[in-house]
Amino acid sequence: MKLFLTGFLQVFFVACNTYFISKSFYIGVFICGLIISLIWSWNVKKIVFGSLKDRIYYAFGAGFGSLFGLIISKFII
């Protein structure tokens, strides 16, 4: 579950950031970029040394994070 949430959060912010960039929402771009980098710095070790199962959980979290990131960022703007 931790890997799912980690993947979810990271890609959630990537999806939000992509939408914010397309709308030139500078504050959102800065905040999302900062959070993406922080999450990535913690993720690298978990995924590189993880099993295939760990990577699949992470990937599912990332997929759901993309969907929810788009939904939430559209709601914000």
Side-chain angles (χ1 to χ4, degrees):
M1 189 63 169
K2 287 173 82 174
L3 283 173
F4 178 90
L5 289 175
T6 303
F8 178 91
L9 282 175
Q10 183 172 355
V11 181
F12 171 85
F13 285 108
V14 169
C16 290
N17 204 26
T18 302
Y19 189 76
F20 291 153
I21 289 169
S22 74
K23 301 298 181 184
S24 298
F25 184 59
Y26 296 103
I27 295 170
V29 169
F30 176 77
I31 291 169
C32 285
L34 178 72
I35 294 171
I36 291 164
S37 294
L38 284 172
I39 293 170
W40 181 247
S41 70
W42 287 307
N43 275 356
V44 174
K45 187 176 178 183
K46 291 181 199 175
I47 299 304
V48 169
F49 297 111
S51 66
L52 177 60
K53 183 179 171 184
D54 292 337
R55 293 173 187 198
I56 290 171
Y57 285 134
Y58 180 83
F60 268 96
F64 281 106
S66 293
L67 292 174
F68 282 93
L70 175 61
I71 292 166
I72 297 300
S73 60
K74 285 185 76 162
F75 178 74
I76 290 171
I77 291 183

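None of these values were measured; they are calculated from a predicted model. The figures that follow rest on heavy atoms only: side chains count, while hydrogens, waters and symmetry mates do not. Heads up: numbering here begins at 1 and tracks the sequence.
- Taking each heavy atom of V29 and N17 in turn, the nearest pair found is CA-OD1, 3.0 Å.
- Scanning all heavy atoms of the two residues, the minimum distance from S66 to A15 falls at O-CB, 3.5 Å.
- Grouping the Ile, Leu, Val, Met, Phe, Trp and Tyr side chains by contacts below 4.5 angstrom, directly or via other members, places V14 with F30.
- Put simply, V11 and L38 are part of two different groups of oily side chains (I, L, V, M, F, W, Y) that touch within less than 4.5 Å, one to the next.
- Of all non-hydrogen atoms in C16 and C32, the two that sit nearest each other are CB-SG, 3.8 Å.
- In F64, the CZ atom is not crowded: 12 or fewer heavy atoms of neighbouring residues, nucleotides or ligands sit closer than 6.0 Å.
- Minimum interatomic distance between S73 and Y19 (heavy atoms only, all atoms of both residues): OG-CB, 3.4 Å.
- Both I27 and I21 belong to a single network of hydrophobic side chains, linked directly or stepwise wherever heavy atoms of I, L, V, M, F, W or Y lie under 4.5 Å apart.
- Atom CZ of F68 is surrounded by 12 or fewer heavy atoms from other residues, nucleotides or ligands within 6.0 Å.
- In this structure, Y58 is not a member of the same hydrophobic cluster as I56, with clusters built from ILVMFWY side-chain heavy atoms closer than 4.5 Å.
- Neither L67 nor Y57 shares a network with the other; the hydrophobic side chains, linked directly or stepwise wherever heavy atoms of I, L, V, M, F, W or Y lie under 4.5 Å apart, form separate groups for each.
- One finds the CD1 atom of I36 at 10.5 Å from the CZ atom of F12 (value rounded to the nearest 0.5 Å).
- From I77, atom CD1 reaches atom CD1 of I72 across 12.5 Å, with rounding to the nearest 0.5 Å.
- The two residues D54 and L3 come nearest to each other via the heavy atoms CB-CD1, 3.1 Å.
- Separation of atoms CZ (F8) and CG (L5) is listed at 8.0 Å; rounding is to 0.5 Å.
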